[in-house]
**Q** 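Got a structure here, written out as structure tokens. Questions coming.
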Amino acid sequence: MQMKKRLQLLCWLLLLLPALAIAQQKNITGKVIDQNGNPVAGANISVKGTQTGTLSDAEGHFSLKVSVGATIEISFTGFRTQSFKITNETSSFNVALKEDYARLDEVVVTGLATTVKRSNAANAVAVIGAQELAGTAPAQTFDAALNGKVVGANIIANSGAPGGGTSIKLRGVTTIFGNSQPLFVVDGVIVNNTATSAGLNAVTAAAAAGNSSNQDNASNRIADLNPEDIQSVEVLKGASAASIYGAQAAAGVVIITTKRGRAGKTRFNFSQDVGFNSIIRYLGQRPLSDAIVQSQGWDVAAYDSAKAAGKLYDYEKEMYGQKGFIRDSRLSISGGNEKTTFYLAGGLRKEDGIIKRTGYANNSLRVNIDHRISDKIKLSYSSTFINSSADRGLTNNDNAGVSFGVALSSTPSFAQLFPDANGNYPNNPYAASNPLQTRDLMTNNELTNRYIGGVNLDAIIQQSNKMTTRIIARGGLDYYNLKTTAIFPSILQFEINTTKGHSIQGMTNNVNTNWAGFLVNSYKPADDLSFVTTAGLTHEYGKYDNILNVATQLIGIQTNLDQAGAINVSQFRTQYKNDGVFVQEEFAFKNYLNITAGLRFDQSTNNGDYKKYFTYPKANVAWNLSKMNFWKSKTINDLKLRVAYGESSNFPAYISRFTPLNSSNIGGYPGSLVSTTLGDGSIGSERQTELEAGVDVSVLEGRLSLEATFYNKVVKDLLMQGQVPASTGFTTKYLNAGSLRNRGVELSLKAIPFEGKNFRWTSTTNFWLNRSLITQLTIPAFPLGAFGTTLGTYFIQQGASATQIVGLNGNGGIGKLGDAEPTFQMNFLNNFTIHKNWSLRFLIHWKQGGDVINLTQLLTDLGGTSPDFDVMQSNGKTAGENRIAALGVSSKPFVQNASFVKFREIGLYYTVPYRIKNIERIQLGVSANNLFVITPYVGYDPEVSNFGVGFSSGVDVTPFPTSKRVQFHVAISF
Amino acid sequence: MKTFKFSVLLISISLLMNTACKKEPIPYLNGPTSQQITSDPTISELNNLVTGTESGMRNNIAIYLDVVSMIGREGYRFSGSEPRYTSDLLGAGNAVLDNNTFYLTNPWGSRYNTIRNAYILIQAATNSTYITDAQRKAYTGFAKTIIAYQLLLNLNLTYENGIRVDVADYNKLGPIVGLSDALTAISNLLNQGQADLTGSDVIFNLSSGFSGFNTASGLIQFNRALAARVDVYQQNWNAALTDLNASFFNLNGNFYTGINHVFSTASGDQLNPLYLPLNNTGENRLAQPSYVTDIEPGDDRINKVALRNAPATQSGLTSNYDVAIFKTNTDPVSIIRNEELILIYAEAKIQTNALTDAQTAINIIRNGHNLPNYSGPLTQSALITEMLKQRRYSLFYEGYRWIDVRRYNLLSTLPLDRPTDHIWKQFPLPFSESN
């Protein structure tokens, strides 16, 4: 291996470098305060160019041994970094930090082991801090906490089901059949984000007719993370920033850093949230009359008698009307000394859903330890154990009439569904199931036990005036066991005469491990010149094993798998190994010019040729004009031009190399039946190239700053499951075919519109839009991701938007009816500080445009329960009649505008302005999520995805309705 | 100290590099692959392919029968969440048959998937060194018979729009051929299957659906029964009579003797997807009302439907009767049975003007269903009408009526349930075939 030799050579060269010089040392002390004069605890005081440093204590005090002539830097997250030159006279000083509202000194990643200040960064990296993530109105899960906060992202919650399930697409769709979700990295550990189906299809038959995809509404596993543990989230949105992660980074990378301990007094933070959630809005009920009941072919006598007896029910409210109780308790303890610091946190969250017997619980424990073996060697350990449980009900599409929504869609208010005094539920004559019975007796639970742990070793192996060499070794493990349990007792209306009960139990074991080693050499030949060289190796391994048991003909009320007359077992396993080699050079000149170039080589067992290395180059330039000598402007404090280019890819799915034969038995004999998807032994990765350019400007002492970014992202060799003539015996085949392009604009405006003694208003406004285009398609255009052209479908076609929706156009043809891509999105994040102690924050998210295929309304129309069914329209027919008449003629009624303005988060917090004994701080608060939604969309939520996290989000088939949450908060620090 | 650290560093880097280079491909972990199974399969692998082929014939059989029965106005399929059964299939208003919707693409794709499996079986048997030539012939004869049958089912859907018959190599598909060429090709395939099976040595197991027909001679009888069906579709009346004689046709035999798809609750097996409990709500398979109004008094075939406690209604369609052919979810579904063969015999006899023979056969059917002898005129046209009526009742919801009225140009005689409904002659070619 060439690479190996070069690395070895590099090591030896580094070894021969001269030892460091010794200078005169002296002790200095000081105090760090903020702009209000309050002490800043935990500020980082470090000697520039070394790893020597300390942290300020609770009173803001610090002391440090430094050499005369050295420069010390005082930094703290959210504040501008300040530096002081230590002279012979310096012995103590006070530092007043200024808030870095434009975030110029925020550190963003540039490599797998290197960072740069934002004011010198070439990429627009979205950073979401702890406060922004969970500090306004805490969301139930991590994925939900990101929603509406990432510039350039299209984040769609699949439904309101407890336990999450969110599709995150960064800068448009980057793949059609490949992995569309970003890579998640927690403290250097690559974590798994698979969504595993609970096998509900055995009951719902959702995949039996129009679309064979899983519609089980599974949550994706990133939801397990406790948002409260997170210090910051950095989002690398495309290849130009993410190519350092090589072949797995095509959909972007989300780098999550968890909270860590600080030296000093041991601090306890306890916080308690209580609250409730409730449905955002109901679809409503159809007002009935004898004539309407008659016209629906329902039983008029039953209606009349129910009406007379006062037994007309709003089953929608009955089903979705529960106020779910929320509680969340968290305790974190952090502290340590200069050598060792720790952060311990535990969280207990329990929430009830808006449907009875649904809910979510998450118990997590985190241990993060940092230890300095010497002043040159630092060891960090991060770990979390998570136990989460989600009861998700039975929602979404089904072809058996058993999911709550599908059953309700044809059940009128005069149906009698409540159990009698003995607890026996009547059969629902208007649907295949009695949804109240189903709700009260069935179980659909996802139980996860997960461990994520990583170790990071950072050692300075050589240090001199001009050169420092570090070695960084990193290893991590993500293991989870997911137990899915879906129980449908034999007594249920749809079980009693057919399969007599289902006990569907799935067991998934997933292990991901990764390790990496880097050498980082910083060379500073002159004061205004620096080179940072990184070379490294990465390795990732993943193993997924899912066993699904479907037991039927249950014995009595037993749920054990062996207490059944019949059982069907299926298993699915995947494995991969990826290896990467990575070199990068970062060049900085006079603090204003930063140039980076890098190269990564990756191989993967998922490629047809498992030995082949794919090459991913990157290069970028950031030029900060305002840091140049000639710059004298007092108005414009910071002006930076930047351009970045990078490549990355998306590995083919494990299965795409093979044409397997699946098990298909008959008569007690084992059978092999060929899969309907044809594999390609020579399949390769899809490749993304992205060019990003931007201007960042900050004016009025940072009170107003704008970050403007334009990008052009091209994905080539798209991984496809191309449709083949069905007469081949296959439906689709795996291949690399075609290219797509995403272009977009991201604007981020941060401002302090008002700053006074007793009132301070900070505001962030983001705007982003994306346009995609299938630039080339080497296979015929094909529909995907919904239920066929009659009902509206996505349609991949050269020269068209990747997310266009086509359907019957009403004139006997097929045409474009919409596009899932929003016209633009904006968010507004505002923070008001009143009298120092009061803080009001809110986040509004506006999505303009973007269509959803709404089939819930079609189902309620066909079931005769749409609330507006009898609204007369200009042609003399009712709205319901018109929509039904369109079925098979025009798909226009199903493709609906899903624009919205969501009041996503609002929180009001009060910090008690005095100290009680040892209690440092008491904060009280009240918050709400999704307080209201303004949308023309007719449905529970314009944010919806029947098919989960894949390409085709935005299909609405009786989802779990979204809820709003109101919570009260108490936080005590001591 | 420093040297020590470097040694550690270098050793670890070398280790990393070595693991990186020593990579092995990861095989498919979830089952055999087609490449592997066709290289030199063992007998048990070949037998797995036979079983998979038999099993695969059942995939989407319910959608096929629902579709053919609805367009042929035998029944209604109501589904709470699938409106296209009642809109597109019945041609409600301006709704048309779509070329890319499940009701066509699912059964069509499953038939060709089974055909692909059968071709894999042929390739595997050809390459296997573990079997004798006589044994090889049994595998290929069985495979060709199944391929022909599967092609016929798809031709039933697209009819004059044709099908692709030359699909042995998925990389080089033959053209779409029209109705008559397709029937000829199917007939030829059956003949090749018969030739292979003749003198062959069957060493594979078939399910109880083939009980009585799981030997070489039994499979030939099955093959010829299918050939007789193809003959009447080709109007080769004399050939039909010849093929009937080589089949298990028996004028005095049990109507239900024949070959079936079987179902069970065993692992990896399927349940009868056509079964729905009586008086079910939400999901229904119902008799079109004329089945009951047109039936002769005393006909025991009334038991193929069951009066509901309450009528089922959807989208302006109402029926009081459930289809009650299947009593449990493990009841078999017929592939071909003696009752059809008797009716094929009657049809061939009518068409060859042997009217008395035809009358005898029709009376066997009538008497077998508790009806008196045929009393109508002994003319070709009257007997055709009677024969079609007996086919309608004897083969109710088994997928024939639409095909029968179509081949006798009687589609316009099918009842319309709603004033704006339409009756379809055939499906368009699936979207994927037009590329």
Side-chain angles (χ1 to χ4, degrees), chain A residues 1 4 7 11 15 209-210 297 398-401 406 410 429 431-432 461 471 497-498 517 537 565-569 572-573 575 577 579 605 610 658-674 676 723 725-729 731 780 788-790 859 862 885 887-889, chain B residues 5-6 9-10 13 16-17 20 25-26 28-34 48-49 51-52 54-56 79-84 87-88 93-95 98 100-102 108-109 112-113 115-117 120 164 167 170 173 205 207-208 262 265-269 277 281-283 313 329 430 432-433 435:
Chain A
M1 290 262 359
K4 184 165 136 189
L7 280 175
C11 298
L15 188 64
D398 88 286
N399 286 309
V406 171
S410 61
I461 51 176
I471 178 167
N497 290 318
T498 53
L537 298 171
I567 186 157
N568 247 306
V569 182
F572 186 70
R573 294 179 284 179
Q575 254 185 59
K577 279 183 203 159
D579 286 285
T605 57
Y610 70 97
F658 309 105
T659 308
L661 294 153
N662 300 322
S663 155
S664 184
N665 304 343
I666 187 167
Y669 301 111
S672 294
L673 180 64
V674 67
T676 54
Q723 200 175 38
S727 50
T728 55
T731 320
T789 37
T790 321
L859 291 177
L862 293 169
L887 183 60
V889 181
Chain B
K5 265 190 261 171
F6 271 106
L9 167 70
L10 286 175
I13 286 184
L16 302 191
M17 292 308 289
I26 294 175
Y28 192 60
L29 301 167
N30 303 299
T33 62
S34 66
N48 294 342
L49 285 169
T51 302
E54 188 195 345
S55 174
S79 176
S81 55
E82 189 42 82
R84 289 171 289 188
S87 60
D88 298 12
N94 296 322
D98 188 67
N100 202 18
T101 295
F102 76 96
W108 173 279
Y112 275 114
N113 182 238
I115 291 169
R116 174 59 43 218
N117 214 58
I120 290 173
R164 230 183 273 275
V167 295
Y170 59 76
L173 293 178
N205 292 309
S207 77
S208 60
V262 293
T265 57
S267 187
D269 204 341
T281 47
E283 299 293 311
T313 299
N329 57 12
S432 71
E433 303 293 350
N435 292 324

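Sequence lines set the chain letters: A, B, ... in the order given, protein chains first and strands last, and positions in each chain run from 1.
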**Q** Heavy-atom distance under 4.5 Å to chain A: side chain of B:Asn94, backbone, both or neither?
**A** both

**Q** Go through the atoms of A:Ser410 and report whether side chain, backbone, both or neither lie under 4.5 Å from a heavy atom of chain B.
**A**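 For A:Ser410, no heavy atom lies under 4.5 Å from chain B.
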
**Q** Checking heavy atoms, do the side chain of A:Thr676, its backbone, both or neither come under 4.5 Å from chain B?
**A**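 Both backbone and side chain of A:Thr676 come within 4.5 Å of chain B.
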
**Q** Where does B:Asn100 contact chain A at under 4.5 Å (heavy atoms): side chain, backbone, both or neither?
**A** both

**Q** Check whether A:Arg573 reaches the backbone of B:Leu29 with its side chain - one donor and one acceptor, N or O, closer than 3.5 Å.
**A**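 The answer is yes, because a donor-acceptor pair under 3.5 Å joins these two groups.
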
**Q** Not counting sequence neighbours, which residues clear side chain to side chain contact (heavy atoms under 4.5 Å, CB included) with B:Ser34? List them please.
**A**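 Here the qualifying residues are A:Thr659, B:Ile120.
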
**Q** Please determine, among B:Asp88, B:Asp98, B:Asp269, the option with the most heavy-atom pairs under 4.5 Å with chain A.
**A**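 Greatest number of close heavy-atom pairs with chain A: B:Asp269.
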
**Q** Need one label for B:Thr281: side chain, backbone, both or neither, based on atoms under 4.5 Å from any heavy atom in chain A.
**A**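 Its backbone and side chain both get close to chain A.
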
**Q** Okay, side chain of B:Tyr112, backbone of B:Val167: is any donor-acceptor separation there less than 3.5 Å?
**A**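 No; zero donor-acceptor contacts below 3.5 Å.
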
**Q** Using a 4.5 angstrom heavy-atom cutoff, name the option from B:Gly93, B:Ser87, B:Gly52, B:Pro277 with the most pairs to chain A.
**A**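 The candidate making the most pairs under 4.5 Å is B:Gly52.
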
**Q** So which of B:Asn117, B:Thr313, B:Thr265, B:Thr33 has the largest heavy-atom pair count under 4.5 angstrom toward chain A?
**A** B:Asn117

**Q** Tell me, for A:Leu859 versus chain B, whether the close heavy atoms (under 4.5 Å) come from the side chain, the backbone, both or neither.
**A**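 A:Leu859 touches chain B through side-chain heavy atoms alone.
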
**Q** Give, as side chain, backbone, both or neither, the part of B:Ile26 having an atom under 4.5 angstrom from any heavy atom of chain A.
**A**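 For B:Ile26, the contact with chain A is made by backbone and side chain together.
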
**Q** I'd like to check the side chain to side chain contact (heavy atoms under 4.5 Å, CB included) partners of A:Ser663; sequence neighbours left out, ordered by chain and number.
**A**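 A:Ser663: side chain to side chain contact (heavy atoms under 4.5 Å, CB included) contacts with A:Asn665.
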
**Q** What part of A:Leu887 is in contact with chain B, defined as an atom under 4.5 angstrom from a non-hydrogen atom: side chain, backbone, both or neither?
**A** both

**Q** Counting distance only, does the side-chain N/O of B:Glu54 pair as donor-acceptor with the main-chain N or O of A:Ile666 below 3.5 Å?
**A** no

